[in-house]
Protein chains: 2
Amino acid sequence: MQSVVVLGLLALLCCSSIGTVRGGKIVVMPVDGSHWLSMKILVEELSRKGHEMVVLVPEANYHIRNGSYTTKTFKVPYTVADLDASLDIMKKGMLKAPGLYDVPKTFQTFMNFTEMLVKGCEGLLYDEPLMRSLQEQGFDLMLTNPFQPCGTIIADAFSIPAVYFLRGMVCGLDLEAAQCPSPPSYVPRLFTGNTDAMTFPQRVKNMLMAGVESILCKTFYGSFDELASRYLKKDTTYKQLLGHGAVWLLKYDFTFEYPRPLMPNVVMVGGLNCAKKKPLPADLEEFVNGSGEHGFIVFTLGSMVSELPEVKAKEFFDAFRQIPQRVLWRYTGVVPKDAPKNVKLMKWLPQNDLLAHPKAKAFITHGGTHGLYEGICNGVPMVMIPLFGDQGDNVQRMVARGVAETLNIYDITSEKLLVALRKVIHDKSYKEKMMKLSAIHRDRPIEPLDLAVFWTEFVMRHKGADHLRPAAHDLNWVQYHSLDVIGFLLLILVTVMFVTFKSCMFCFRRCLRKSQKKKNE
Amino acid sequence: MQSVVVLGLLALLCCSSIGTVRGGKIVVMPVDGSHWLSMKILVEELSRKGHEMVVLVPEANYHIRNGSYTTKTFKVPYTVADLDASLDIMKKGMLKAPGLYDVPKTFQTFMNFTEMLVKGCEGLLYDEPLMRSLQEQGFDLMLTNPFQPCGTIIADAFSIPAVYFLRGMVCGLDLEAAQCPSPPSYVPRLFTGNTDAMTFPQRVKNMLMAGVESILCKTFYGSFDELASRYLKKDTTYKQLLGHGAVWLLKYDFTFEYPRPLMPNVVMVGGLNCAKKKPLPADLEEFVNGSGEHGFIVFTLGSMVSELPEVKAKEFFDAFRQIPQRVLWRYTGVVPKDAPKNVKLMKWLPQNDLLAHPKAKAFITHGGTHGLYEGICNGVPMVMIPLFGDQGDNVQRMVARGVAETLNIYDITSEKLLVALRKVIHDKSYKEKMMKLSAIHRDRPIEPLDLAVFWTEFVMRHKGADHLRPAAHDLNWVQYHSLDVIGFLLLILVTVMFVTFKSCMFCFRRCLRKSQKKKNE
């Protein structure tokens, strides 16, 4: 009898230790734009679970507003106008066909963006009163997007564990920092356009890209290294600091990414943004239902692009005029007088709720992971128009799976758009493959948002996740690849061969001499 | 309104697609001994969930009996007496200190064991009526322990997906077949005694072992390859067949194993055997409660060893006589007349239920993963006496974590046992570290048994798990390691250097000649 009571107590103990941690204090370092839109969902859920969430917000930003969490604004040496200017350059760039002459320009854009991130971070780190007040709050955890180095640096300065929330990092720094093997023979590098099944020339390209990455990225992350070393007053690199992260929450899964090795502290939470669905507002419901058997198309180009040059927009209007489907388009640009009636233009639209509607026939998207997963979750085939960053790679993954068609924004015409739209709507294979992909994605033992919450709370409960940290972190490059061991074994082999050879030669000569002596005798 | 209904329908659709699959037909190829004891838990749970489970049982076996599943017995060309004889050789071997002269003997034992597995498998494969009747049943899935090659071969012959359930394979064939990177610089090889933090000589040893493994194992698995090729009438290897497995369920997690890379289709279900706890029978409850503040010790050496030579057993009885704890010992050997009163000898004991009792102070175990996880789950420090197979490596992992002491069975004395027991009972660090390890192990988003069931059902629902299969499977060794690409790039580099050098030399010579001409003029 006693043991039953004891078992009950043990069960209680067990459940309390693995139940929700209430009252955790989490400081959040987000990245603006669509990055924030996904992270916000996790931040709000953690807040709902009773954790105190403090989000650090740069004064100049687009999307980070107040919510069910506290915000702490910090000064940055740039304005929203500066952000606009920087974005404008990118927008203009995307409208031209890419060429070799664009490489230095793209690199410069990257460097400018990095500089802005670093300057913003500096503004926060060297705001002593703010940093002191933050430190005094005794946070249990830093939740950060490592695209912005500040979160990782602050976690180190405050000696608190960090949880990362991201899609990936330029040059695969995330994989490197997590000590995750990533063989270039079947793990395609970003911006190569390769899939996981590569021909020999593609593998050469992939290998070269891996090499270029490791060189370019020393420059790219150089300012992060310098800032971290200067602020933390120790000789370190951003990669080293990143390597101390407790858990990496990755915003994808293997319905999107090609299968590749993972590390124990990597958790996939792709699709955590499409769990919650709300009914459509009455006017939208009426509009989409009015589409009849032909259904409707959802069209957005992400949180940063709601306008297009008039001539470009015309191609879209012209195409939409020729299809029986209705179109919901997030568009704030110039509207031609003869805009077709089947198109409803909106400043912002409930994308996930629309895609969940059974009359949704296709989704025209730029291929950010946020929207892309809304497409997968709801099983809607896509016409994808990548604009910048990782979008080209994202799109290519969906095209390779046969659930999307892709078009270039710089040479799009109404004809091309029509062909692509008709293909994904009328060729049944797109819908079938998408439904299969969607079923696999949704078939999981635990919802991605719950998983993200669990691991964030786990790290707080155990003050890190040391048992998931591979010993590879304590090895240098030569040791990791066993080059010293191979060298040592080769040395022994060569020595043994040399000694054997010399001994043989010695014996041979002796024998020869003896036989000559005998002959001479 | 309509969209609400539609959303409801979608949710229903979603739930039905990810809910329990009822009526699946699963054929199970187990391995006898403690392997079966863990697998049985999963088989019974799948049966409880409504799946039709057919377990293939060799006529001569120790532990595989009828249960809530169907058994199909097949003839094997050996008897239980043969198994006994084979086991006796191993038991005798473990009582002697290992030396270099044991290596060929150990290899021979391994080869004999393999031969028995292969002969057993042949017995089944070439029993045409049985195989035909199995094929006619239209199984959805093969659940198998790949330690025995038969399951994988049958899965291929029946064209059904396979789910593996295992602790690991000799020579790391599981890692190789799953295309899982396993750098010898920090992933310790079996039988080396290395941890994940190695000195240079240890890394050399690890590298050599990796080399030896890959050579020895060609011999070791040679008969598996031959049988598979012969039966399936195609040129194949066991590794190739294994590589087609849909999901690998591994019977451990990172509270036991050192952190290392994983592949997408690898699922850790360590500790699935200690979820269910029953109250102790009245007599046992009385015995353990009578131990007062000193508590009691649980002592078992696994499912295969319940006896010890009299002289060896005496050391244990002598030690137990000198401690205030009570001891529950699974022992069927000779009992001395003066056996101490604090020791209760039993034929079989409810190990997990006993370890869950709060008065359990220590666990003397051989270090099989089954028992080891019962120790971890219940937070009981261990004195470990490895006997054979992977047990030495298992034990070393627990010792490295400071939750266990280890002793050799061949030179154990009552004094050594006493020292070890007193250490793990009275030195608080063992209990504290074990409680921490236990808390981390039990802190998980989903119970391991549920996870194992989920992934088995997932594979049935989607007829495999192709989206988790890395493209590395389609590359040969040279391609995987990019050696052809590196060679090609080196060739280009050398050619460019050669041409540049020759051109420079040519120019240089021309210049030299001209200047000499001028001088001569």
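Quantities reported herein were computed from a predicted structural model and do not represent experimental measurements. Residue numbering restarts at 1 for every chain, and letters A, B, ... go by the order of the sequence lines.
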Note to self: Quick test of your reading: applying salt bridge (Lys or Arg N to Asp or Glu O under 4.0 Å), list the pairs with at least one residue in residues 259-271 of chain A, sequence neighbours left out, ordered by first then second residue.
What the structure shows: none
Margin query: How close do A:Ile446 and B:Pro445 get, counting heavy atoms only, and between which atoms?
Written below: CD1-CB, 3.6 Å
Margin query: Less than 4.5 Å to any heavy atom of chain A: does that hold for the side chain of B:Leu468, its backbone, both, or neither?
Written below: both
Margin query: Using every non-hydrogen atom in the two residues, find where B:Val204 and A:Val485 come nearest and quote the distance to one decimal.
Written below: CA-CG1, 3.8 Å
Check: Should B:Leu262 and A:Val266 be marked as a side-chain contact (heavy atoms from CB on, under 4.5 Å) after you check the CA-CA gap, both sets of side-chain angles, and the distance that decides it?
Finding: CA-CA 10 Å; B:Leu262 294 171; A:Val266 162; over 6 Å; no
Next item on the list: Check whether B:Asp484 gets within reach of chain A through its side chain, its backbone, both or neither, counting any heavy atom under 4.5 Å.
Entry: both
Note to self: Quick check on the interface: out of B:Met263, B:Arg203, B:Arg401, B:Met198, who has the most heavy-atom pairs with chain A under 4.5 Å?
What the structure shows: B:Arg203
Would you be so kind as to tabulate the donor-acceptor pairs closer than 3.5 Å made by side chains of residues 178-186 of chain B, with sequence neighbours excluded?
{"from": "B:Ser182", "atom 1": "OG", "to": "B:Arg189", "atom 2": "NH1", "distance (Å)": "3.3"}
{"from": "B:Ser185", "atom 1": "OG", "to": "A:Tyr480", "atom 2": "O", "distance (Å)": "2.6"}

Check: Checking side-chain contact (heavy atoms from CB on, under 4.5 Å) for the pair A:His467/B:Leu437: CA distance, chi angles, key distance, verdict?
Finding: CA-CA 9 Å; A:His467 73 297; B:Leu437 201 66; over 6 Å; no
Next item on the list: Heavy atoms only: give me the nearest B:Arg469-A:Pro259 pair and the separation to one decimal.
Entry: O-CG, 3.4 Å
Note to self: If you define the side chain from C-beta out and look only at heavy atoms, does anything of A:Met207 sit under 4.5 Å from B:Ser482?
What the structure shows: yes
Margin query: Nearest 0.5 Å, please: how far is CG in B:Asp466 from CZ in A:Phe254?
Written below: 14.5 Å
Check: Among A:Ala465, A:Ala197, A:Pro264, which has the most heavy-atom pairs under 4.5 Å with chain B?
Finding: A:Pro264
Notebook entry, point to check: For B:Ile440, is it the side chain, the backbone, both, or neither that has a heavy atom closer than 4.5 Å to a heavy atom of chain A?
Noted result: both
Notebook entry, point to check: Atom CZ of B:Arg444 and atom CZ of A:Phe454: how far apart are they, to the nearest 0.5 Å?
Noted result: 9.5 Å
Margin query: At a heavy-atom distance under 4.5 Å, which candidate from A:Asn206, A:Asp253, A:Leu475 has the highest pair count against chain B?
Written below: A:Leu475
Next item on the list: Pick one of side chain, backbone, both or neither for A:Asp474, based on which atoms fall under 4.5 Å of a heavy atom in chain B.
Entry: neither
Next item on the list: Determine the minimum heavy-atom distance between A:Asp443 and B:His462, stating which atoms define it.
Entry: OD2-NE2, 2.7 Å
